[in-house]
Number of protein chains: 2
Amino acid sequence: MATVVESSGLPADCYSADCPTRQVLDRIAGKWTVLIVDSLLQGTLRYTDLSRRIEGVSQKMLTQTLRSLEADGFVTRTVHPVVPPRVEYTLTPLGRSLAGPVAALRAWAEEHINEIEAARTAHTRVPR
Amino acid sequence: MATVVESSGLPADCYSADCPTRQVLDRIAGKWTVLIVDSLLQGTLRYTDLSRRIEGVSQKMLTQTLRSLEADGFVTRTVHPVVPPRVEYTLTPLGRSLAGPVAALRAWAEEHINEIEAARTAHTRVPR
DNA sequence: CCGTATCCACCTTGATACTG
DNA sequence: CAGTATCAAGGTGGATACGG
């Protein structure tokens, strides 16, 4: 089951769009995905709950992101046939497991953001 | 040193563009950043080395990505004043440390990509 | 060898209006 | 309540040509 690997640690197909890393990166890079997943980590939420919780998201983007998260198996969508409609979104085990690497990334970001901003300052103060 | 946290695990400011997580996410989400960092993990490379190694990258994007990586303190750029020009790129300690969370993400992606693709197939086969 | 400069096609996002 | 439809704006990346 050894995968083909270049001289670096990166699989060869990571230059193409269907590289697993690329696909996951593109997903979590979206403006709303991480916020939605994080909101659902504690439990099921309704559509309106999400839209209130995630400040600034438009109906279009919330729906669109939820739909693709559903398609990828990260959330389940449950429609209760009542009036008024009641639609609930819940993380799947896959969705919950995504929170792991995202948390690692967040930890790294918060640990190193000062260093990054210092570099930016130093760089702009000496443009050339 | 306690940071303000919402009822979820996500810092409150993660709804804004200057949230550390958002900034780092946007950086590594770029099409070329991960490939460049990975290429430089083993050591210094010249501009042309990078362009040959990273198949499909245009001069514009390679230069642009390297410049912003430099501005953020991830790589150093060394110009040797000779003819023909010799410019070398090297990862800083900060740049090398970024490889950690990225590797975690890659490992997760490769571990779960089958599950994701299975979900996609199941979803398209039952559109409604 | 190592870039810069321009132009352009695409894609993502957001605003707005409407509906079962 | 929980969406869909449509349109417009901005940003990202690529092709191409040229320069020190």
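Computed from a predicted model, the values in this text were never measured in an experiment. Note on naming: letters A, B, ... go to the chains in the order of the sequence lines (proteins, then strands), and numbering restarts at 1 for each one.
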Q: Please assess B/Thr78 against B/Arg86 for the test side-chain hydrogen bond (donor to acceptor under 3.5 Å, both in side chains), listing each intermediate value before the final yes or no.
A: CA-CA 8 Å; B/Thr78 308; B/Arg86 179 181 188 85; over 6 Å; no
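- Mapping A/Gln59 and B/Glu88 onto DNA chain C by nearest heavy atom places B/Glu88 at the nucleotide closer to the 5' end.
- Dashed line: the shortest gap from a side-chain N or O of A/Arg77 to OP1 or OP2 of D/dA2 is not under 4.0 Å.
- Note: CE (B/Met61) to C1' (C/dC7) measures 16 Å, nearest angstrom.
- Rounded to an integer number of Å, the gap from CD1 of A/Ile36 to P of C/dT13 is 11 Å.
- Rounded to whole Å, the distance from CD on B/Glu70 to P on C/dC2 is 15 Å.
- Regarding contacts with the backbone of C/dC2, every side-chain N or O of B/Arg86 stays at 4.0 angstrom or more from both OP1 and OP2.
- Distance CG (A/Leu45) to P (D/dC1): 15 Å, rounded to an integer number of Å.
- In this structure, A/Arg53 atom CZ and D/dC1 atom C1' are separated by 19 Å, rounded to whole Å.
- The residues A/Asp26 and A/Arg22 are annotated as salt-bridged, a charged nitrogen and a carboxylate oxygen being separated by less than 4.0 angstrom.
- Heavy-atom distances to DNA chain C give each of A/Gly56 and B/Asp49 a nearest nucleotide, and the one nearer the 5′ end belongs to B/Asp49.
- Between B/Gln64 atom CD and D/dA15 atom P the separation is 14 Å, expressed in whole Å.
- The closest side-chain heavy-atom distance from A/Leu35 to A/Asp38 is not below 4.5 Å.
- In the set D/dA2, C/dG14, D/dG14, C/dG14 carries the atom at the smallest distance from any side-chain atom of A/Lys60.
- Rounded to a whole Å, the CG atom of B/Leu62 is 17 Å from the C1' atom of C/dA5.
- Residues B/Tyr47 and B/Val82 are members of separate hydrophobic clusters, defined by side-chain heavy-atom contacts under 4.5 angstrom among Ile, Leu, Val, Met, Phe, Trp and Tyr.
- If you measure from atom CG of A/Leu66 to atom C1' of D/dT4, you get 15 Å, rounded to the nearest angstrom.
- An OP1 or OP2 oxygen of D/dG3 is reached within less than 4.0 angstrom by a side-chain nitrogen or oxygen of A/Tyr89.
- If you check the side chains of A/Arg77 and A/Thr90, you find no donor sitting under 3.5 Å from an acceptor.
- When distances run from any side-chain atom of B/Lys31 to the nucleotides D/dG13, C/dC1, D/dT4, the shortest one goes to D/dG13.
- Checking the phosphate oxygens (OP1, OP2) of D/dC1, no side-chain nitrogen or oxygen of A/Arg46 falls inside 4.0 Å.
- Every residue meeting the side-chain contact (heavy atoms from CB on, under 4.5 Å) condition with A/Ser51, not counting sequence neighbours, appears here in chain and number order: A/Thr48, A/Leu62.
- When the local axes at the two ends of the helix from C/dC1-D/dG20 to C/dG20-D/dC1 are compared, using 5 base pairs at each end, they differ in direction by 50° after rounding to 10°.
- Within the structure, the ring-ring contact (aromatic ring centres under 6.0 Å, His included) test picks out the following pairs touching residues 68-113 of chain B (sequence neighbours left out): B/Trp108-B/His112.
- Out of D/dT4, D/dC1, D/dG20, the shortest distance to the side chain of B/Pro85 is found at D/dG20.
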